Protein chains: 2
Amino acid sequence: MTTTARARVRAELTEEIKAIARRHVAEQGASSLSLRAVTRELGMVSSAVYRYFASRDELLTALIVDAYNTVAAAAEAADATKRRSDTRGRWIATAHAVRDWAKANPEEYALIYGSPVPGYQAPADTIDPALRVSLVPLRIIVDGVANGAITTDERIETTRTVRDDLAQLRSLAAPGVPDSVLSRGLLVWTQVMGAISYELFGHLHNVVHDDDAFFDLQVRQAGRYLLRGAANPSRPARAARGGAATPVMAVPSTRGRGARAAP
Amino acid sequence: MTTTARARVRAELTEEIKAIARRHVAEQGASSLSLRAVTRELGMVSSAVYRYFASRDELLTALIVDAYNTVAAAAEAADATKRRSDTRGRWIATAHAVRDWAKANPEEYALIYGSPVPGYQAPADTIDPALRVSLVPLRIIVDGVANGAITTDERIETTRTVRDDLAQLRSLAAPGVPDSVLSRGLLVWTQVMGAISYELFGHLHNVVHDDDAFFDLQVRQAGRYLLRGAANPSRPARAARGGAATPVMAVPSTRGRGARAAP
DNA sequence: TCGAAACGAGAGCACTGCTCTCGAAACCAA
DNA sequence: TTGGTTTCGAGAGCAGTGCTCTCGTTTCGA
């Protein structure tokens, strides 16, 4: 209403600067983003951009915030395609959505989940959007525990400090989720992000060739673990129920036989 | 023997350049590494460094190779402190060693496991040292399968292409390890790296405060999964056959009750 | 011993982020 | 409508960067 013409054109120009910068980042990476190149493309002179962003880092921060929000939106949308009670389906869909976004926007992914570009400071503006992404898997876990899809019989040992951390996280975003499941959830989530980073940053080159199918396998395997936890040690590979701990060294050793095909 | 004086001083100077560059990277990050600053500290003029490294990227590549080798050495040393049959202990020690190195050398960790700094090319010189790191957990898994510490009864479904990838990896570095365990191993390893990256890059700020204890918890939890796989679905939460399992839906729903302490 | 190779110094190019100044335009209140 | 204030873009300039090229000097190897 009371938006003056100047304010409107300012908002538009700010958005335009971000759009061009985003394209440059997507094309050549964040480290080689040049303010001068952006303003050149806008027909402006380099000093003019400082009316809109105080520094190059501030522009990058704006891009980071946008990136967090778009990947969060993608995750939320994928999550919403499944029935709320379909814990496994929601998990798989969310993980794939994040990876798909990452593969479509690798430089933006690197911008937010790779090494921090400037020094080490994470500006306060970025923590809320960053949190928004993590809330998706957390909600899935909350629902999964509530409807029984996630088993809660696992027991963990840890320090008082970690239990406090988990309690705080529970009170903020994961009501009803016991420590063991909360820790398991963080575990599988960091696994998803680690797998995406490993793939995108080339650490699986020449090892995995069918990236799509491999990620799908990993996400399903991790999902199974998320829902059920680790197998009980007192019921080991042996068929025995009578206790029977794992028979260490009872399996024929395959050491020293060199490379050999396996099942 | 036949090393001329010139060759010797050249090797020394090359090493000195790398040392100074490494210090600069550790202090201010890789993105702000300046060749001119390095040569200035050496008392040389900027153009002289090009007699030793063809470009800034080539210097960074040398640092990357060194970083891979030092973290690999740290992992190998930690692995060697445990008995070979102690699969769980070796796993935990190796994971902690990598994290300890990462925390002691965060910028170098970011250099090799963060977003690739230059464009996307991973020079051929870096793939062998990078592989060296991954061989440590692979050896642990090979030994664990051989001596029965790792259960092999899990079954996975995936494509022919992924099975081929796994078979190739098995023939190269993991003899005797079935697909399911190999995939599980890659899963927990990417989890470890994901957890380290998450912590180092600040994604757990204000969520986890006792980083050390939390990482230890996660590594132990992941280690349990690595050894045993996920719990069996065919023996579900129902209180089937003597084995005290989780009663699905028999637990009072905690949704909507807000924050509540959990076991 | 002598030609060739390697080396360091220096100047220079094109580029960067960022600061400062200055005149014009837009805003808002009297 | 007028006049003071704020906002804006342009331009020049500073310090810094990676990298190239040239030019004497030093060292090597036949």
Side-chain angles (χ1 to χ4, degrees), chain A residues 1-18 20-25 27-64 107 111 116-119 121 123, chain B residues 1-18 20-25 27-64 107 111 116-119 121 123:
Chain A
M1 207 58 189
T2 170
T3 58
T4 134
R6 182 133 80 184
R8 202 165 51 228
V9 63
R10 179 183 178 84
E12 283 173 11
L13 243 169
T14 305
E15 221 39 56
E16 200 165 351
I17 291 172
K18 281 204 292 182
I20 295 179
R22 184 159 31 234
R23 222 192 55 236
H24 285 198
V25 165
E27 287 169 359
Q28 310 163 17
S31 58
S32 60
L33 170 65
S34 156
L35 285 189
R36 293 182 112 111
V38 171
T39 56
R40 216 177 295 133
E41 192 167 326
L42 261 172
M44 291 201 320
V45 88
S46 75
S47 60
V49 78
Y50 290 91
R51 303 282 183 195
Y52 300 88
F53 296 93
S55 70
R56 179 177 176 275
D57 280 5
E58 195 173 297
L59 211 193
L60 274 176
T61 300
L63 295 186
I64 288 174
E107 296 289 352
L111 191 60
V117 182
Q121 91 285 12
Chain B
M1 206 58 192
T2 170
T3 57
T4 132
R6 181 132 81 184
R8 202 166 50 229
V9 63
R10 178 182 179 86
E12 283 173 11
L13 243 170
T14 305
E15 221 37 57
E16 201 164 351
I17 291 172
K18 281 203 292 181
I20 295 179
R22 184 157 32 233
R23 223 193 51 237
H24 285 198
V25 165
E27 287 168 0
Q28 310 162 17
S31 58
S32 60
L33 171 65
S34 156
L35 285 189
R36 294 181 112 110
V38 171
T39 56
R40 217 178 293 132
E41 192 168 325
L42 260 172
M44 292 201 321
V45 87
S46 74
S47 61
V49 80
Y50 290 91
R51 303 281 183 195
Y52 301 88
F53 296 93
S55 70
R56 179 177 177 274
D57 280 5
E58 193 172 299
L59 212 193
L60 275 176
T61 300
L63 295 186
I64 288 174
E107 296 289 353
L111 191 61
V117 183
Q121 91 285 12

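First the proteins, then the strands, lettered A, B, ... as listed; each starts at 1. What you see is a predicted model; the values in this text were computed from it and never measured.
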Quick one: CG on A/Leu59 to NZ on A/Lys18, what's the gap to the nearest 0.5 Å? 9.0 Å

Heavy atoms under 4.0 Å, any strand shown: does A/Phe53 hit a base, just sugar-phosphate, or nothing? nothing

Side chain of B/Ala5: nearest nucleotide among D/dC28, C/dG10, C/dC18? D/dC28

Want to settle it: does B/Ala54 or A/Val49 sit nearer the 5' end of DNA chain D, counting the closest nucleotide to each? A/Val49

If you look at every heavy atom in A/Ala30 and A/Leu111, which pair is closest and at what distance? CB-CD1, 3.5 Å

Mind checking A/Ser55 for me? I need base, sugar-phosphate or nothing, with any heavy atom below 4.0 Å counting as a touch. sugar-phosphate

Who is the Watson-Crick or G-U wobble partner of D/dT6, with both distances under 3.5 Å? C/dA25

Could you tell me the separation between the CZ atom of B/Arg8 and the C1' atom of C/dA6, rounded to a whole number of Å? 17 Å

Please tabulate, one pair per line, all N/O donor-acceptor pairs under 3.5 Å involving side-chain atoms of residues 34-41 of chain B, not counting sequence neighbours.
| residue | atom | partner | partner atom | Å |
| --- | --- | --- | --- | --- |
| B/Ser34 | OG | B/Arg36 | N | 3.2 |
| B/Ser34 | OG | B/Ala37 | N | 3.0 |
| B/Thr39 | OG1 | B/Leu35 | O | 3.2 |
| B/Thr39 | OG1 | B/Arg36 | O | 2.9 |
| B/Glu41 | OE1 | B/Arg23 | NH2 | 3.2 |
| B/Glu41 | OE1 | B/His24 | NE2 | 2.8 |
| B/Glu41 | OE2 | B/Arg23 | NH1 | 2.9 |
| B/Glu41 | OE2 | B/Arg23 | NH2 | 2.7 |

Base, sugar-phosphate alone, or nothing: which one does B/Leu59 contact when heavy atoms must sit under 4.0 Å apart? nothing

Indicate the atoms forming the closest heavy-atom contact of A/Leu33 with A/Arg56, along with that distance. O-NE, 2.9 Å

A/Leu13 atom CG is separated from D/dT7 atom C1', nearest whole Å, by 13 Å

Report the nucleotide, chosen from D/dG11, C/dG8, C/dC18, that has the shortest atom-to-atom distance to any side-chain atom of A/Tyr50. C/dC18

Separation of D/dG9 atom P from A/Glu16 atom CD, nearest Å, is 11 Å

Return the value, rounded to whole Å, for the distance between atom CZ of B/Arg51 and atom C1' of C/dA5. 10 Å

Under 4.0 Å from OP1 or OP2 of C/dG17: is there any side-chain N or O of A/Arg56 that close? yes

Considering only distance and modelled atom types, tabulate donor-acceptor pairs under 3.5 Å from the side chains of residues 45-55 of chain A, sequence neighbours left out.
| residue | atom | partner | partner atom | Å |
| --- | --- | --- | --- | --- |
| A/Ser55 | OG | A/Asp57 | N | 3.4 |
| A/Ser55 | OG | A/Glu58 | N | 3.2 |

Would you mind telling me which of C/dC27, C/dC18, D/dG9 lies closest to the side-chain atoms of A/Arg6? C/dC27

Which one, D/dC19, D/dC8, C/dG8, comes nearest to the side chain of A/Arg10? D/dC8

From C/dA9, D/dC19, D/dG29, nucleotide with atom closest to B/Thr4 side chain: D/dG29

Give me the residues of residues 32-44 of chain A where at least one heavy atom lies under 4.0 Å from an atom of DNA chain D, by number, or none. A/Arg36, A/Gly43, A/Met44

